[in-house]
Number of protein chains: 4
Amino acid sequence: MKDSIMEQSIQLFAQKGFKETSIQDIVGELNVTKGTFYYYYKSKEELLMDIHLQYIERLLENQEAILADESKSCQQKLHDIIFKLIHDIEKEGLRAKVFFREIRHLSPQHLEHIIPKRDRFKENVQQVVEEGMRNGQFRSDLPPDIVTLGILGVTNWSYFWFQPNGEKSDREVAAIFYEMLINGIKAE
Amino acid sequence: MKDSIMEQSIQLFAQKGFKETSIQDIVGELNVTKGTFYYYYKSKEELLMDIHLQYIERLLENQEAILADESKSCQQKLHDIIFKLIHDIEKEGLRAKVFFREIRHLSPQHLEHIIPKRDRFKENVQQVVEEGMRNGQFRSDLPPDIVTLGILGVTNWSYFWFQPNGEKSDREVAAIFYEMLINGIKAE
Amino acid sequence: MKDSIMEQSIQLFAQKGFKETSIQDIVGELNVTKGTFYYYYKSKEELLMDIHLQYIERLLENQEAILADESKSCQQKLHDIIFKLIHDIEKEGLRAKVFFREIRHLSPQHLEHIIPKRDRFKENVQQVVEEGMRNGQFRSDLPPDIVTLGILGVTNWSYFWFQPNGEKSDREVAAIFYEMLINGIKAE
Amino acid sequence: MKDSIMEQSIQLFAQKGFKETSIQDIVGELNVTKGTFYYYYKSKEELLMDIHLQYIERLLENQEAILADESKSCQQKLHDIIFKLIHDIEKEGLRAKVFFREIRHLSPQHLEHIIPKRDRFKENVQQVVEEGMRNGQFRSDLPPDIVTLGILGVTNWSYFWFQPNGEKSDREVAAIFYEMLINGIKAE
DNA sequence: AATGAATGAGCGTTCATTCAT
DNA sequence: CATGAATGAACGCTCATTCAT
């Protein structure tokens with residue numbers, strides 16, 4: 001039941017927004033009453049926190065599994081991170097939308113637990129970039145933090161337009177973005 | 001007064017969100033009463049619409065001025081579009097935040113007027129990309145629509161992190177992004 | 001202008017009700033502003049009072065002209081009163097609707113001036129009934145006050161259904177009501 | 001509680017009118033809060049609809065019980081209908097007042113359910129009148145629809161003046177009206 | 001584990017009215 | 001005569017939350 005509530009609320013939060021979704025909306029779809037909700041969650045915000053936490057932790061886990069693989073080059077790692085992110089839109093897209101858009105509804109105390117993980121996500125990417133610069137796989141004349149933000153812009157933005165069942169597959173889009181970021185769009 | 005209300009509400013919508021900002025919040029800061037608000041705006045949503053319209057129209061105007069300049073190469077145009085977007089964060093950043101984040105609160109009728117302009121903004125960038133591919137300034141083995149979405153990801157995302165008074169200036173960030181997109185980050 | 005405002009407001013009060021009609025509704029149709037309204041009327045209620053007063057006074061005048069005509073029998077007077085009331089629906093129907101339905105929005109002070117006139121209207125009819133009973137034109141075994149209320153029920157109710165351009169003319173309807181009240185509906 | 005709310009609101013709607021009665025007025029008298037009101041009714045208008053529906057359905061039921069009694073003559077049926085209506089003023093008078101006066105606050109969708117029943121009420125009376133004309137109990141030289149409207153005028157209007165504890169009883173008033181309608185007020 | 005009744009604070013909106021110009 | 005700006009009180013309604021059962 002607790003999971004059903006979360007699943008349902010992710011659907012609704014992604015579709016209509018946190019504020020725009022009432023507890024009644026959530027439990028109505030599950031054919032239970034509001035009391036039930038409060039049996040499982042202390043408050044609406046706690047539910048939102050749970051969603052955030054679950055999302056970012058799963059994301060970090062995935063990402064750090066890629067980073068830990070010593071057999072991969074930095075270019076390979078970058079490619080895999082990009083692909084993983086876009087691939088996950090199908091499964092995790094709604095969660096991601098909620099994560100990006102509704103974070104502001106978390107209380108300061110809750111934010112304290114989320115922000116560092118969100119930062120670590122960015123730093124992990126930056127680490128790959130920096131490592132690549134150090135070992136000569138990436139050019140080293142660009143500041144790694146801005147480059148990282150550029151890369152994250154490309155991937156994160158895709159959560160707002162990528163359609164898993166659209167014209168291009170996740171693999172194709174990831175390949176294009178990787179190619180574009182690695183080699184640029186200028187003609188020889 | 002009408003302008004004061006809009007200015008004030010942009011501040012608050014950007015900071016707290018549309019739903020989270022009450023009419024009272026807006027007029028309270030201006031030391032007038034709610035009645036005054038409704039003297040100038042038919043509804044809260046109409047105000048939001050006005051903000052959206054003003055923002056996107058100004059944006060398009062700027063962008064199309066760049067596109068219309070025949071003395072510029074495609075590379076130059078792309079650079080200028082990127083720079084303009086990041087440069088405007090200082091003046092227009094709050095408006096942009098509202099535009100990106102609160103558009104879902106517009107009614108379908110209002111959306112009808114905004115969406116085509118938002119699409120035109122994207123298509124204008126895509127036009128530059130396609131023209132560059134045709135005339136050999138850009139490589140032509142990548143799909144122009146996905147490339148365009150990548151570029152827009154880089155710039156749009158910067159609205160969520162770029163600090164006009166931060167370490168790097170708008171000119172520097174734009175230059176880095178341009179360089180990264182044009183030549184890629186791979187070492188020679 | 002003062003008259004235009006009254007005319008317009010009678011239309012609207014009859015159509016939508018007093019409470020449901022805003023000052024803005026009234027002046028909007030006349031293409032002037034609310035300030036203008038308050039130049040001519042001290043308040044919305046004063047306007048309503050004026051409508052009531054004008055209506056009831058005109059009604060009484062008409063009615064008392066009939067009563068004063070000594071050449072008429074009581075039956076004739078009764079017929080003329082009924083006919084006049086139904087005939088006036090075309091010209092005065094909207095005013096009458098407002099009078100019947102919106103009187104409760106008058107303040108006690110204003111009511112003090114209306115109620116006695118409204119009562120006089122009823123008493124005038126009752127006077128005809130009583131006179132007819134005394135002089136043998138009407139049967140005298142029924143209480144004149146209840147009979148009068150019956151007659152007024154028949155006529156007043158017609159304000160809620162009589163259509164001046166409908167199947168039956170005012171003259172026909174009045175004749176039917178008169179016949180029905182005078183001779184009853186029982187077969188010989 | 002749902003019934004208490006309806007009872008209370010009938011009192012207030014009859015006394016002050018629908019628009020003039022706020023939700024706060026209703027719940028204040030019951031010492032509960034506005035939230036409670038909306039726990040039981042979706043909107044103020046839905047409450048009004050419930051009142052209308054309950055009233056007209058009860059009325060029709062009563063009326064059709066009289067009509068169905070084959071042992072009664074048309075005259076008897078007409079008398080019983082008149083008596084029942086006036087008798088009910090004590091119990092149902094407030095509901096009736098609300099029904100007559102506040103019907104315009106129902107939405108078109110709601111009206112669709114009420115109007116046919118209101119029409120049926122009138123047609124039931126007309127049916128008695130027509131049957132009586134056919135079988136010779138009533139004179140047949142008057143149009144039955146107008147006669148019916150006359151009868152309904154007499155009875156309905158009594159809802160605006162009849163006092164259950166007044167000088168005349170319901171039985172007496174009904175008898176007078178019946179006599180007046182059947183035999184007329186003309187002296188022999 | 002779940003329900004149903006109730007709360008209370010807040011919100012968007014309306015509107016009669018005032019008043020300086 | 002008329003306007004336009006502003007007010008302030010009220011209203012219908014929503015909703016997260018509580019709690020006894």
Side-chain angles (χ1 to χ4, degrees), chain A residues 1-2 4-5 9 18-28 30-48 105, chain B residues 1-2 4-5 18-28 30-48 105, chain C residues 1-2 5 18-28 30-48 105, chain D residues 1-2 4-5 18-28 30-48 105:
Chain A
M1 173 57 58
K2 192 169 184 179
S4 303
I5 291 175
S9 65
F18 178 72
K19 259 281 186 175
E20 290 67 29
T21 302
S22 69
I23 307 285
Q24 186 53 52
D25 289 339
I26 298 167
V27 297
L30 299 169
N31 285 111
V32 291
T33 52
K34 280 191 282 191
T36 304
F37 178 92
Y38 283 93
Y39 181 76
Y40 291 105
Y41 291 98
K42 250 181 56 238
S43 71
K44 196 184 176 189
E45 201 223 316
E46 207 202 58
L47 163 62
L48 185 64
H105 293 109
Chain B
M1 175 59 57
K2 194 171 184 180
S4 304
I5 291 175
F18 177 72
K19 260 280 184 176
E20 290 68 28
T21 302
S22 70
I23 308 287
Q24 187 53 55
D25 289 340
I26 299 167
V27 297
L30 299 170
N31 284 110
V32 291
T33 55
K34 279 196 277 186
T36 302
F37 178 91
Y38 284 94
Y39 181 75
Y40 292 102
Y41 291 97
K42 254 181 49 235
S43 68
K44 195 185 175 188
E45 201 222 316
E46 208 203 56
L47 163 62
L48 185 63
H105 293 108
Chain C
M1 174 58 59
K2 191 169 185 180
I5 291 175
F18 177 73
K19 259 279 185 178
E20 290 68 29
T21 302
S22 69
I23 307 286
Q24 186 52 53
D25 289 340
I26 298 167
V27 296
L30 298 170
N31 285 112
V32 290
T33 53
K34 280 192 279 190
T36 305
F37 178 91
Y38 282 93
Y39 181 77
Y40 291 105
Y41 291 98
K42 249 181 58 234
S43 70
K44 195 183 175 190
E45 202 223 317
E46 207 202 58
L47 163 63
L48 185 64
H105 293 110
Chain D
M1 174 57 58
K2 194 171 184 180
S4 304
I5 291 175
F18 177 72
K19 259 281 184 173
E20 290 68 29
T21 302
S22 70
I23 308 289
Q24 188 52 54
D25 289 340
I26 298 168
V27 297
L30 299 169
N31 284 111
V32 291
T33 55
K34 278 194 279 186
T36 302
F37 177 91
Y38 284 95
Y39 180 75
Y40 291 103
Y41 291 97
K42 252 182 50 237
S43 68
K44 195 184 174 189
E45 202 222 313
E46 207 203 58
L47 163 62
L48 185 64
H105 292 110

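So that the names make sense, note that chain A is the first sequence line, chain B the second, and so on, each numbered from 1.
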Over how many whole Å does the gap from A:Tyr39 atom OH to F:dT17 atom P extend?
-> 19 Å
Base of E:dT13 paired with side chain of B:Lys34 (donor-acceptor, under 3.5 Å) = yes
Any donor-acceptor pair under 3.5 Å from B:Lys19 side chain to B:His105 backbone | no
Would you kindly give the CG-to-P distance between D:Asn31 and E:dT7, to the nearest whole Å?
-> 9 Å
Nearest-Å distance for atom pair NZ/P, residues B:Lys42 and E:dC15 | 14 Å
Please step through side-chain contact (heavy atoms from CB on, under 4.5 Å) for the pair C:Lys2 and C:Tyr41, ending with a clear verdict.
-> CA-CA 8 Å; C:Lys2 191 169 185 180; C:Tyr41 291 98; 3.4 Å; yes
According to the Watson-Crick and G-U wobble definitions, with both distances under 3.5 Å, which nucleotide is paired to E:dT21?
-> F:dA2
When rounded to whole Å, the NZ to P distance for the pair C:Lys44 and E:dT17 reads 8 Å
Rounded to the nearest 0.5 Å, the OH atom of D:Tyr38 sits from the CD1 atom of D:Ile5 at a distance of 10.5 Å
Once you round it to whole Å, what is the distance between P of E:dA9 and CZ of D:Phe37?
-> 20 Å
Relative to the 5' end of DNA chain F, which residue comes earlier, D:Ser43 or B:Met1, by the nucleotide with the nearest heavy atom?
-> B:Met1
Where do A:Lys44 and A:Leu48 land on the side-chain contact (heavy atoms from CB on, under 4.5 Å) test, with the steps shown first?
-> CA-CA 7 Å; A:Lys44 196 184 176 189; A:Leu48 185 64; over 6 Å; no
Nearest-nucleotide wise, let me know which of C:Ser22 and B:Tyr38 is further upstream toward the 5' end of DNA chain E.
-> B:Tyr38
For E:dT7, does either OP1 or OP2 sit under 4.0 Å from a side-chain N or O belonging to D:Thr36?
-> yes
How long is the line joining CG of A:Asp25 and C1' of F:dA16, in whole Å?
-> 13 Å
Of the nucleotides E:dT17, F:dA16, F:dC1, which one has an atom closest to the side chain of C:Tyr40?
-> F:dC1
To the nearest 0.5 Å, what is the distance between CD1 (B:Ile23) and CG (B:Leu47)?
-> 7.5 Å
Any strand is fair game: report the nucleotide pairing with F:dA16 by Watson-Crick or G-U wobble, both distances under 3.5 Å, or none.
-> E:dT7
Given DNA chain E, 5'-ward residue of the pair A:Gly35 and D:Thr33, judged by closest heavy atom = A:Gly35
Whole-Å distance between E:dT7 P and D:Leu30 CG?
-> 11 Å
D:Ile23 CD1 - F:dC15 P separation (whole Å) | 16 Å
